[in-house]
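Data first, discussion second: the structure below is written as structure tokens.
In what follows, chains are A, B, ... by sequence order, proteins preceding strands, each numbered from 1. Side chains are part of it too, since the values below use all heavy atoms of this structure and drop only hydrogens, waters and symmetry mates.
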Amino acid sequence: MSTSLDRRVALRDPTARLERMMEIREFEGRVKDLFFEGVVSGTTHLCEGQEAVSVGLAATLRPTDHVTCTYRGHGVALALGCEPSAVLGEIMGRTVGLVGGVGGSMHLSERAVGLMPTFAIVGGGIPVAVGAGLSCQVLGGDDVAVAVFGDGATNIGAFHESLNLAAVWKLPVVFVVENNLYGEYSPIASTTAVTDLAVRAGSYAMPAETVDGQVVDDVAAAVRRAVERARGGDGPTLLEMKTYRYSGHSRADTGPYRPDGELEAWQGRDPIALYADALVAAGTVTAGEVDALRSAVTERIDEVVAEVRQAPEPDPSAMFGHIHA
Amino acid sequence: MSTSLDRRVALRDPTARLERMMEIREFEGRVKDLFFEGVVSGTTHLCEGQEAVSVGLAATLRPTDHVTCTYRGHGVALALGCEPSAVLGEIMGRTVGLVGGVGGSMHLSERAVGLMPTFAIVGGGIPVAVGAGLSCQVLGGDDVAVAVFGDGATNIGAFHESLNLAAVWKLPVVFVVENNLYGEYSPIASTTAVTDLAVRAGSYAMPAETVDGQVVDDVAAAVRRAVERARGGDGPTLLEMKTYRYSGHSRADTGPYRPDGELEAWQGRDPIALYADALVAAGTVTAGEVDALRSAVTERIDEVVAEVRQAPEPDPSAMFGHIHA
Amino acid sequence: MTKLRMNQAVSAALADAMREDPAVVVIGEDVAVPGGVFKATDGLLAEFGVGRVRDTPISEMGFLGAAVGAAATGLRPVVEIMFGEFLGVALDQLVTEAAKLRYLSAGQYGVPLTVRASVGAGLGFGAQHSQCLETWFYATPGLKVAVASGPQTAYGLLRAAVRDDDPVVVLEPRRLYGGRAEVVTGDDGIIALGSAEVRTAGDDVTLVALGGTVPVAQEAADGAGWGAEVVDLRTLVPWDVATVLDSVRRTGRLVVVEEGPFSGGWGTEIAARVASELFGELRAPVHRVTSPDVPVPYAKPLETRYVPTVEYVREQVGELIETGRTPRPWWSREGAHR
Amino acid sequence: MTKLRMNQAVSAALADAMREDPAVVVIGEDVAVPGGVFKATDGLLAEFGVGRVRDTPISEMGFLGAAVGAAATGLRPVVEIMFGEFLGVALDQLVTEAAKLRYLSAGQYGVPLTVRASVGAGLGFGAQHSQCLETWFYATPGLKVAVASGPQTAYGLLRAAVRDDDPVVVLEPRRLYGGRAEVVTGDDGIIALGSAEVRTAGDDVTLVALGGTVPVAQEAADGAGWGAEVVDLRTLVPWDVATVLDSVRRTGRLVVVEEGPFSGGWGTEIAARVASELFGELRAPVHRVTSPDVPVPYAKPLETRYVPTVEYVREQVGELIETGRTPRPWWSREGAHR
Ligand SMILES: Cc1ncc(C[n+]2csc(CCOP(=O)(O)OP(=O)(O)O)c2C)c(N)n1
Ligand SMILES: Cc1ncc(C[n+]2csc(CCOP(=O)(O)OP(=O)(O)O)c2C)c(N)n1
Ligand SMILES: [Mg+2]
Ligand SMILES: [Mg+2]
């Protein structure tokens, strides 16, 4: 079986990027089913519709770069290379989970691919990425740190403090805001004084880009520009990814607060469909191969689900591990 | 003797504004002397050089407007109308102090003139002013709230959260940043990614002005514009007052970290001298009257100091008051 | 009397408070249009409008601070902090500002602010959304803390908190939101802050519980071979010292039942005070039945074990009564701790 | 051995730690060019340069969070929080992030972070710059807390904290910064976390003190008619249960001497534990000598009275020994409390 690192390296290939987006989509669908079935407890935050951001990002970063991400992190984890069984294992609270089941859906982590424990506190991961960038700067080398967070997080103090600090210290950090137009059930305009979030880089004299978050290679290109700046010692960048989450915020939320037709309009620019069309048009793959990929992904995820269902739950003693060094 | 409200109303008169700036200057000088004499314990944060901001602000606001200010609040308190004896009484921890001596230099308050308890936590007063603005909006009427804070405070999360919230809710709030170029011993450029702070209003689509904080009537005019917007229901404004503190940050700090000549350059645009010259030029007062004003202020503050020196210290029982309603 | 779920009792309390006093406003993330993620503010927007029921940006420091300022200048805000942990980004406004504003203004400004926050484990929300965090509010003169243990206390304590002229934190154990019970509303349903409730009579032991452990302690006592006075503390700061001392004087034994780590838990306050005041009068050492010293784990079998269970409480209390000695906690018995 | 003020002991510890390990960096407001407002980082910039000694913007959440991230990825940061209260704007990063990062990564990421914060009353800084706030860190598995009581402990605990692979908070009572004493530096000067020090022998009572109350308790014991084992707790989490129990077993009496409010103070943890473990073996109730339940007042005569004084401690302990009963605190005796 492939390792997480193999899965990561594979993303250099366009077809693998398409496949990975399909995998994330399929995965999130299963998580939703398993949640409704009652075998996933607590909460889940799905990222269907945002796959291009995760995959475009992962395709560009090195495994030694550091990534902080949020509770909406299944896609980022899979994109970075984490095995679907380990991610699902964590979500289902099994010993095969990334952190043995003590974390759950909101707390995924795999150091081998640079995924720091994902953050359930909005804004919590942003300064932590700044600190990872500080390590890169102080320890030498040219690794970078990336903070992934949502539009809603740009209203919390930690966002502001982090961008200012990274700018003043010229740290190798890329701030990636997934502007999916909602923070929980609140549309961005009801909570946020500006809706084009790249604007906010102006408070820190920081370069920024607005990126079409539905186009995986656009995401990758923008991230590459920002990462190059960071690796070259030119400091941080804010990237605003315009995207959309098809599911509601979490759990059973179906998004009834969304205006009619909004979801459908975004589905019309589905990142997987767009990329599949582009690859077919470019002759990289055939339509038949796309279908085959999709079937293969479905099959693999079927197996993963079956496997994790059988995986053991942790013993109470597991709660006492890893509290201190 | 005059009341705090009389002192406030008096500021409609230009000569009174000049006199009040002189009073603040004289007052701060005495506080410094008393600190070095050892009769003021703890800490003090003086505002010499920034008098025009305090007085220009106070001249414009109503006593029913709400003001939150920082530990560097002696000038704002005096400008708003608080009696010098009550302010010095608080600084010296006497029963005649504004809050009976339990607060000290950093905690001044007088509701009659709209001065909420000043804040010793950087940024602490900014959201509180937003809340006072919320009261104004919800309870009706057209009072406004003003937050006064320093350049350093624009780097803390509460600043960002407050401006966004006030903008989204269109609250009648004026944010006044006294950009005196330093936060403690750190020059602004070492801590802040932009040094023109009005820029930061852009993150909230908020109107902003950069104001010459050394010219009291410029301050008053800018505040008037912002307050009118607020009273008219058009929401918040950010005002950046370019100013300078002659003394160091606090206590015994003399500001050795300042570049040679910087202090002197600013003293060349001293707010009191500028205003005195302007009033003389306009024929409002004569040079002789200016001197007489200054002597009168000195005499009055002499008396205040003498009076407060004699004032009783609180009894231990005073520490048990006003904890609960 | 109507039968209400605990989240409905909360919204009923808020609605009654808002009807009684036009200065009451409700502020928080997704409290207005969506009616709260736990549906504890449902229906308020429709009745009271956008001026008084406000969805906020994600900025706890900002809107909690705004509530402090609003409280000081004429409103009576009730802030929802969706998960208690989020106070970690805003604690300053509560502990260092709100609690001291009256003091630092010599009574010129009061802060009639209520902060509601959901707390506790049991819903599978993991280590950062399952804590209780009571001690964040300890040692803070000026701040009161109440904890709901079901629909009636959720209603009654919240009503009292909103009427109170000082800042009050009301913690709501989120796993109880869905529980339904008869609730007395209106003035008769209001529960004075600082008063504990003795729920049952019993000769052998006093069980002091709070919030989420109240139903656990009650059930443990109900089926037990020993008799317990089960005390719902209801208010943690200031707690009802007289009622607890009276009870323990009668029973001679005290067990504090806590959700949360053993070390540094809120119950140390109760245990320390009672052990000193009733020195020489106790039949057994004061005992604290708590969770182990671990972050709240996610996997169901772990989380279930984390919160003291009915059986565990029953067993611990039984052993204390029987032996007169402090029972060892489950994690040191089974060698579960490495 | 050199004679150092406590702030010099701190900077000596930091310099030694930075020499020992190039991963150690120092971060905080005005710690670099100015050498710290309490001069506790003086000289570090000159020796270690701007890469490792960093002045920050005023943004505690930002730079504490950055330190968490840096600690998880290869550095060993020491953060100065100028006044402990400022953690009120950043507590999330310490309690909800740093303390749980190892757990939530199954050990893949550790957080070798030290947070130094000045605490306590005595310098006239008023209600928002004079608190101790220990209970903010309570009930947080994963977080350690040490408190300096003078130059040696400031040096030794800080060295241990920096070497520790987990997050440690070191509180420094700011009124002690100017006090001078002989300090053993280097490895011999390091004080293991979790170990209390029994400073004097005595038969009648154990006085457990922490930080700023250590010199007070010591002085009270020195001139008293009774004999005390004065224990400097040194580490509050985890505290040295064995040493304290041993001492109290010998003396039969425990008085905890605390700066800070009586209700909900850190000493309840010690009192509760000892009273339970030594049930039936004590000659008097466990007693806590504390400050009253008020915000720290500014005026000198008030602030002086706020912190337990030598005379007050002596008097309280004396009465406890003499009567075997809990003495009333000064504020309830003199009718000072309204
Ligand atoms: C400090 C804090 N406040 C509130 C929450 C509750 N919460 C969780 S997700 C969320 C919405 C975040 O929106 P956004 O940043 O846009 O990210 P998205 O969920 O859309 O990916 C909120 C309010 C939290 N976890 N932390
Ligand atoms: C949250 C917080 N962090 C740090 C401090 C310490 N401190 C007090 S004043 C100050 C500098 C503030 O600078 P600025 O905002 O420019 O105001 P100024 O003092 O220049 O008026 C600092 C860092 C504080 N009081 N609160
Ligand atoms: Mg969003
Ligand atoms: Mg400044």
Side-chain angles (χ1 to χ4, degrees), chain B residues 39-44 71 90-95 97 99-107 117-124 150-160 183-188 190-193 249-251 253 256-257 312-323, chain D residues 28-37 50 54-63 65 82-90 92 121-131 174-175 261 291-306 330-332 334-338:
Chain B
V39 294
V40 167
S41 68
T43 185
T44 61
Y71 49 85
E90 193 54 44
I91 294 169
M92 291 179 63
R94 306 302 168 99
T95 55
V99 300
V102 303
S105 164
M106 301 204 283
H107 300 295
T118 55
F119 291 79
I121 304 295
V122 168
D151 47 287
T154 70
N155 292 326
I156 205 158
F159 163 83
H160 174 71
E184 293 202 340
Y185 318 134
S186 293
I188 181 166
S190 73
T191 59
T192 313
H249 169 65
S250 68
R251 314 222 288 166
D253 175 34
Y257 42 83
E313 293 189 306
D315 182 84
S317 69
M319 79 175 82
F320 299 95
H322 305 299
I323 297 171
Chain D
E29 289 158 6
D30 292 312
V31 296
V33 180
V37 301
V50 291
R54 291 181 174 247
D55 284 332
T56 66
I58 309 172
S59 48
E60 281 78 4
M61 180 74 85
F63 67 78
M82 197 188 295
F83 286 76
E85 275 89 351
F86 306 164
L87 284 169
V89 305
D92 178 66
L123 298 185
F125 287 148
Q128 297 185 331
H129 280 62
S130 300
Q131 301 171 85
R174 63 181 76 84
R175 72 170 173 277
S291 306
D293 283 342
V294 306
V296 184
Y298 166 69
K300 211 64 248 150
L302 273 52
E303 192 188 20
T304 306
R305 196 72 205 256
Y306 174 84
W330 65 264
W331 55 87
S332 84
E334 298 164 25
H337 202 317
R338 25 160 216 170

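- Put simply, of His249(B), Arg251(B), Glu90(B), the one with the most heavy-atom pairs under 4.5 Å next to chain D is Arg251(B).
- Aromatic ring orientation, Phe320(B) versus Trp331(D): tilted (interplanar angle from 30° to 60°).
- With hydrogens and angles ignored, the 3.5 Å screen pairs no side-chain donor or acceptor of Tyr298(D) with any backbone N or O of Ser105(B).
- Checking side-chain atoms of Tyr185(B) against main-chain N and O of Glu29(D) turns up no donor-acceptor pair under 3.5 Å.
- Two residues are said to be in side-chain contact when any heavy atoms from C-beta on lie closer than 4.5 Å; Val33(D) and Ser186(B) fail this criterion.
- Inter-residue side-chain proximity for Ile156(B) and Glu60(D) is flagged as met; some heavy-atom pair is nearer than 4.5 Å.
- Nearest heavy atom pair, residue Ala318(B) against residue Leu302(D), reads CB-CD2, 4.1 Å.
- For chain D, the option among Gly97(B), Gly100(B), Ala120(B), Ala158(B) with the highest count of heavy-atom pairs below 4.5 Å is Ala120(B).
- If you measure heavy-atom distances from Leu123(D) to chain B, the contacts under 4.5 Å come from the backbone alone.
- Here Ile91(B) is the residue among Ile91(B), Val99(B), Val40(B) with the most heavy-atom pairs under 4.5 Å with chain D.
- Counting heavy-atom pairs closer than 4.5 Å to chain B, the top residue among Glu85(D), Glu303(D), Met82(D) is Met82(D).
- Of the listed residues (Pro314(B), Gly183(B), Gly124(B)), the greatest number of heavy-atom pairs within a distance under 4.5 Å of chain D belongs to Pro314(B).
- Interface check for chain D: of the options Glu313(B), Arg94(B), Met106(B), Glu184(B), the most heavy-atom pairs under 4.5 Å are formed by Glu184(B).
- In this structure, the portions of Phe125(D) lying under 4.5 Å from any heavy atom of chain B include both its backbone and its side chain.
- Side-chain contact between Pro292(D) and Met319(B) is present, with heavy atoms from C-beta onward closer than 4.5 Å.
- How far OG1 of Thr191(B) is from CG of Asp30(D): 9.0 Å, rounded to the nearest 0.5 Å.
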